[in-house]
Every structure is written in structure tokens, then in C-alpha cells.
Amino acid sequence: MTLLHRTLALSAALVALAGPALAAPVTLKTNPVDDDGRVTLGDIFDGAGGAADVMVARRVGPSVVMEAGQLQALARQAGLDWTNPNGLRRVAVRQGVDAPGAAPTVQAAAASASIRPAARRPAARETVIKRNDMVRVTYEVGGVKLAVLGRAMRDAAVGEPVAVTNTTSNRIIDAVAAGPGQAIAGPAGDAIRADALSQFAAR
């Protein structure tokens, strides 16, 4: 191998080793949204730069929930460094207000509310689980994740409580709707419900 070849090989090796260290720092957006169902790093992070168009998930309902660790790894693969300073366990990406079929903007909702009786609620959120749907209920505690299949006892939108009957034991599980055919029980479900309530109240 000539000296030139050795030099080029060494340079390539150094670049490969230095890649992770050169990852660009990014920050999580306050309210990540997407407009077309393709969730990209640019939808989730500020400062994504050239990796903004890298797709990391597909949204088929009003929102998609991603595990923070998985999102961190995907960002790292694309050359981005998200340190997750708040120690989040999950990140929710919602449908943008400008997407087809999306909810009205804050301004439109406010104008509409001003001519309605005060006791009426804003337009209902999109139902992602319907009564008698088969639902996968996930429960996570102490790093151990359990999942059971059950039948929904009521309609529910993302963040709304839904009782699910375990098809094996016939026991009723109190959970929170997380997406089409998906529900979460326990502390993680409570967190999704609180987040959904805060988002809905802000409209």
C-alpha cells in the first residue's frame, strides 16, 4: 500500500470514529406536530439542519407516541445529539392544525367559542378507539413492559380514559387511549391523559 493510500485510509478511519462526537446538538420542540403523517426529525427538533427530512415515524391517527430512547437513537444515527435533559420517557407528535381534516386553528376556535353558550364544550376530539374494538393495553413498571389484548367498553379519543375487558380473564382494565387500537395503563397512561387535557384546554 502506498503512502497516499495509507493516508487516505487513516483519514477515513478518523472520520468514522469522530462521527458520533461531531453530532449536532438539537432541542425538542415544545409542541411537535406534523402536517402529512410523515413524522420527521425536523417536525420534532429545533436545529435538525440537513437531517430535518429524515422520517422516524408515521402518524395514522391524531397523534403518534414514540419512546424517548428510540427517538434519541434515531436522532443519533442521523448525526443529531438530543440529550433529553428533562428525562422524558415518551414524545408525542400531533397532527398539525394546517393538515387536511385537522382541528380548527386557535384563532378560529376562539372566534367560534365566542358565539356559543358558555356551557358547551369545543368540538370533540377524533375517536381512535370505538366500543367493542380489540385493543392492545400496555403497562410498564420498573422497566418491565406487559401487554394484554382486550375489548373496549366505550369510545375514546387520545388521552381519554377507556375501560377494557381482558379477553382471557374477563377482568376490567382502566387504561387511557394512546392511538388506534392502543391503550396504556398505569403511570404512563396518567401522563398521556394529563398531557392531552392540557393540550385540549389550550385550544
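Throughout, numbering of the chain's residues begins at 1 and tracks the sequence.
Using modelled atom types, one side-chain atom of Asn166 and one backbone atom of Thr168 make a donor-acceptor pair closer than 3.5 Å. Counting only distance, with no hydrogens or angles, the side chain of Lys29 and the backbone of Gly42 share a donor-acceptor pair below 3.5 Å. Side-chain N or O atoms of Thr167 include one that pairs as donor or acceptor with a backbone N or O of Leu149 at under 3.5 Å. Side-chain N or O atoms of Ser63 include none that pairs as donor or acceptor with a backbone N or O of Val93 at under 3.5 Å.
The structure places CD1 of Ile173 at 13.5 Å from CZ of Arg151, a figure rounded to the nearest 0.5 Å. Summarising the geometry, atom CG belonging to Leu71 is positioned 8.5 Å from atom CG belonging to Asn84; distances are rounded to the nearest 0.5 Å. The line from OG1 of Thr127 to CG of Asp155 is 5.0 Å long, rounded to the nearest 0.5 Å. The CD1 atom of Ile184 sits 10.5 Å away from the CG atom of Asp190 when rounded to the nearest 0.5 Å.
A salt bridge links Arg76 to Asp81: one of the charged nitrogens lies within less than 4.0 Å of a carboxylate oxygen. A salt bridge between Arg193 and Glu160 is absent, with no side-chain N of the basic residue lying under 4.0 Å from a carboxylate O of the acidic one.
Closest heavy-atom contact between Ile192 and Ala178: CD1-CB, 4.3 Å. Between Leu80 and Ala48, the shortest heavy-atom contact is CD2-O, 3.7 Å. Looking at every heavy atom in both residues, Val137 comes nearest to Ala185 through CG1-CB, 4.1 Å. Looking at every heavy atom in both residues, Arg38 comes nearest to Asp43 through O-OD2, 3.2 Å. Scanning all heavy atoms of the two residues, the minimum distance from Ile44 to Met66 falls at CD1-SD, 4.2 Å. Across all their heavy atoms, Ile129 and Gly179 have their closest contact at CG1-O, 3.7 Å.
Linking ILVMFWY residues whenever their side-chain heavy atoms come closer than 4.5 Å, directly or via other members, places Val162 and Val128 in the same cluster. Residue Val148 is grouped with residue Val164 when hydrophobic side chains (ILVMFWY) are merged at heavy-atom distances under 4.5 angstrom, including chains of intermediate members. Side-chain heavy atoms closer than 4.5 Å link hydrophobic residues (I, L, V, M, F, W, Y) into clusters, and following such links, possibly through other members, connects Val26 to Val54.
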Q) Hey, mind stepping through Arg90 and Leu88 against side chain to side chain contact (heavy atoms under 4.5 Å, CB included) and telling me if it holds? A) CA-CA 6 Å; Arg90 293 176 179 83; Leu88 301 176; over 6 Å; no
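Side-chain contact between Ile172 and Met153 is present, with heavy atoms from C-beta onward closer than 4.5 Å. Between Val39 and Met55, the closest side-chain pair of non-hydrogen atoms is not below 4.5 Å. Between Asn31 and Arg94, some side-chain heavy-atom pair lies under the 4.5 Å cut-off. Two residues are said to be in side-chain contact when any heavy atoms from C-beta on lie closer than 4.5 Å; Gln72 and Leu74 fail this criterion. Inter-residue side-chain proximity for Val91 and Leu28 is flagged as met; some heavy-atom pair is nearer than 4.5 Å. Between Thr40 and Val56, the closest side-chain pair of non-hydrogen atoms is not below 4.5 Å.
Identified under the ring pair (Phe, Tyr, Trp, His ring centres under 6.0 Å) test for residues 29-49, with sequence neighbours left out: Phe45-Trp82.
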